[in-house]
A.B. asks: 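If you scroll down you'll find the structure; I have some questions about it.
These values consider heavy atoms only, across backbone and side chains, with no hydrogens, waters or symmetry-generated copies. Below, read A as the first sequence line, B as the second, and so on, with proteins coming before strands; counting in each chain starts at 1.
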Amino acid sequence: MAEHTGLIEWFSPSTYGKLPFDDWVEWVVRDWLVPNFRPAFQAMQWPVDQVLRGLDAGLQAIPFPIFALVLVIAAWRFAGGGVAIFTLLAMLFIDAIGVWAETMTTLSMILTAVFFCAIAGIPLGIAAARNDRFATTIRPVLDIMQTIPPFVYLVPIVMLFGVGMVPGVIATIIFALPPIIRLTNLGIRQVREELVEAAVAFGSTPKQILFEVQLPLALRTIMAGLNQTLMLALSMAVIAALIGAGGLGLTVFTGLGRLDVGRAAVGGVGIVLIAIVLDRITQALGDPSLRKGDWTFNGTAKRLLGLAPPGPAQR
Amino acid sequence: MPAKLSMEGLYKVFGPAPEEAVKLAREGLDKDEIYRRTESVVAVDNISLEVESREIFVVMGLSGSGKSTLVRCINRLIEPTSGSLAIDGQDVLALDEGGLRQLRLAKVAMVFQHFALFPHRTVAENAAYGLKIRGVSPKQRREKAVEALAAVGLDAWADAYPSNLSGGMQQRVGLARALAVDPEILLMDEPFSALDPLIRRDMQNELLGLQERYSATIVFITHDLNEALTLGSRIAIMKDGSFVQVGRPQEIVSAPADDYVANFTREVDRSRVLTLGQIARRDRPLLEPQEEIAAACRKLSASGAQALLVQDSAQKPLGSVSAAQLLAADPAARVESVMERPAITAEAETSLATILETGGAGAPVALVDKQGRISATVDPGDLVNALAAARASEQPISQEKNVTAGVHNG
Ligand SMILES: Nc1ncnc2c1ncn2[C@@H]1O[C@H](COP(=O)(O)OP(=O)(O)O)[C@@H](O)[C@H]1O
Ligand SMILES: [Mg+2]
């Protein structure tokens, strides 16, 4: 090999030895993060655990026909007859292939993750929209969160949180968080400058500008972000099963482990069907014509029961 | 009493070196040179003005002359770089955030060129926005909003969304939103520029009516001199950030300060701007109905007029007699036997064009005061001469002809 060592090799860093990057990361995580912050991270699990337990218990307690019926009516009122029929068939099929309980577990994990993404992501998006410096600071962080393969952060998550449903949800939150932040930021920045100026000219406080003008007008974009977050969360179902989460992801994962193609397909079909149904319904919720309607408890209930049209309130 | 709104030596500079640019501008350097040295744009350059209560002060200039920047300095949507600004004698630039908000809530409302209505709110909710921000209860603000909408003729549309309305209607909503808060000062940045000419004309007339009803002081921005002349009690012509002339409409048209102003006024129909007051004669004798024709003839020839007005005992106009009628009559008869009734009457502010449209070119016109008493006489000959002179100075291709009478009764 010596004859190949020439001038050109001088410029390649590996000629002078290997940088122990892996050791550094290992040191940071194992010798600094875990011993110092493990209790803090453990504490973070608590709210996630509560929400997850509550949701799961609730969803498991609702009998299949009732849950399916409510979902079908919601699909019908918000997204139309076609989506309602699809939803009905999808629910029947999921129950028929015997993964209803797993589907409810997955759903409660997904909804928990989306819930925490929303309560963290929307305020962060608002902050990014109002502060350019904050926006430029978090942009690379979001880029990293979206491009880093989830398998890479599964290891530190297990080290910090252990295994089980809650760490699975936490991995899902990390993976699904960026779109809601990005689109909240984008939605607020897209509101016409002139409208904000009008709000200021009439004496609005910054808070009033946000709640009276910016957020309502950004709602459609924010809903699109929420929809993307939801879809990303669903796509994490199988990966989360790697660290001990249950549900449809676990069905796929065990199928994979036993090379049982049928079992894997059952889990996979369940995930796809639930994804399509949730996607259609949440997309329809972002429709601005729907938002102009009566969204009080009464109005919403009437709409769900078909006593009022799903569109704007009639003049 | 202090002026409603006054500013003194106001500057606004956009760019990296505002202080430096103001210093150079004070030294008298021109804009391009200042931009070369500091990369800063002097958008408002040493403006001083005083607007009296209930005046319509029009700022007119070409695009880029700094009109929008100037009007936004008044409610500090744009922060002036230097100078002073007072409303009702109160220093606006010294206000803190809360005080400034109070000013915007209570005193100064704004109407925007592209309406700037909130698309997610109904027409009534848009009109009620200022009241909502003020913390008025939902029921009360709905009431006031509908009242303001009624004033602009849109109360039937209260529950529609702005996107269902035409441009003219949308701007009426913009106007209602501003009027609903009972502002003392109304800032209007080219509010009618985005509307087509016929609707614009309607809106101008309507604004004059609304201004009387709501008794607001208006700062009105436009790039259309006809609009400025129709609306303005006073007009400021703005160029490159400074005022080149400030004056009453007639002064702007009859004595443009420089070529920039003259370029605008050349295109305007002077007969709409010149008023009867400017050509009326106060020394014309007035006849009594019981007077003998012979005496009337003597007065006529002494005055050199071709016709005279006849007044009653309360100095109210009764009619007029021409030289021909007097000469043909029996000298011993009374004036009332040949008098033509009624007299044509007008106010001093009536424009030449209006009196022509109402058919008043043949006989003397009686200018009356508020009590209806004759204050001066317009000779038919003077009227024709003035009209001829006004029309002759018009450019061959004049802009759209005014359809409705643009009378401004100050
Ligand atoms: N935010 C801004 N930043 C930099 N320059 C500006 C800004 N706003 C206005 N200007 C400049 O100030 C000048 C006056 O603009 P503007 O007040 O909008 O004029 P007008 O309303 O008469 O058309 C223009 O040269 C414009 O380019
Ligand atoms: Mg402008």
Side-chain angles (χ1 to χ4, degrees), chain A residues 122 126 129-130 132 183-184 186-224 284-296 298-300 308-315, chain B residues 68 71-72 74-78 95 97-135 156-164 173-174 177-178 180-181 183 185-189 194:
Chain A
I122 293 175
I126 292 170
R130 307 177 108 197
D132 284 335
L183 284 159
T184 301
L186 181 71
I188 291 175
R189 284 174 186 264
Q190 271 176 346
V191 172
R192 273 161 54 210
E193 187 56 44
E194 210 190 8
L195 299 183
V196 175
E197 191 181 45
V200 176
F202 279 94
S204 314
T205 61
K207 197 172 132 198
Q208 284 169 327
I209 295 168
L210 183 67
F211 285 100
E212 301 288 340
V213 178
Q214 290 176 314
L215 280 182
L217 289 174
L219 198 59
R220 186 180 195 172
T221 313
I222 295 174
M223 284 303 291
L285 283 176
D287 186 339
S289 71
L290 208 54
R291 255 189 282 123
K292 289 177 179 169
D294 179 3
W295 276 108
T296 57
N298 266 339
T300 311
Q314 297 290 295
R315 257 193 264 134
Chain B
S68 294
V71 76
R72 278 166 176 72
I74 296 173
N75 60 352
R76 281 174 62 191
L77 287 180
I78 291 177
L95 293 175
E97 208 153 299
L100 183 58
R101 200 149 49 230
Q102 214 51 45
L103 180 82
R104 291 168 178 165
L105 283 177
K107 272 199 180 160
V108 186
M110 194 159 183
V111 179
F112 298 84
Q113 180 171 5
H114 299 293
F115 324 140
L117 299 180
F118 303 120
H120 61 295
R121 291 167 186 275
T122 63
V123 165
E125 286 166 353
N126 266 284
Y129 185 80
L131 300 168
K132 180 169 190 187
I133 294 305
R134 246 190 222 180
W157 294 82
D159 295 315
Y161 282 88
S163 55
N164 301 335
V173 179
R177 177 173 64 180
V181 298
I185 297 179
L186 196 52
L187 306 177
M188 308 183 79
D189 186 8

A.B. asks: How far apart are the C-alpha atoms of L217(A) and H120(B), what are their side-chain angles, what is the distance that settles it, and do they pass the side chain to side chain contact (heavy atoms under 4.5 Å, CB included) test?
C.D. replies: CA-CA 7 Å; L217(A) 289 174; H120(B) 61 295; 3.4 Å; yes

A.B. asks: Answer yes when R121(B) and E212(A) have at least one side-chain N-carboxylate O distance shorter than 4.0 Å, and no when they do not.
C.D. replies: yes

A.B. asks: Name the one of I209(A), V213(A), L215(A) that satisfies side-chain contact (heavy atoms from CB on, under 4.5 Å) with F211(A)?
C.D. replies: L215(A)

A.B. asks: Would you say R130(A)'s side chain and P206(A)'s backbone share a donor-acceptor pair under 3.5 angstrom?
C.D. replies: yes

A.B. asks: Starting at OG1 of T205(A), measure out to CG of L210(A) and round the result to the nearest 0.5 Å.
C.D. replies: 9.5 Å

A.B. asks: May I ask you to list the residues in residues 186-196 of chain A that approach chain B closer than 4.5 angstrom, counting heavy atoms only, ordered by number?
C.D. replies: R192(A), E194(A), L195(A)

A.B. asks: Please table the atom pairs, donor to acceptor, closer than 3.5 Å between any side-chain atom in residues 109-118 of chain B and protein atoms at least two apart or in another chain.
C.D. replies:
none

A.B. asks: Can you tell which part of R72(B) gets under 4.5 Å to a heavy atom of chain A, answering side chain, backbone, both or neither?
C.D. replies: side chain

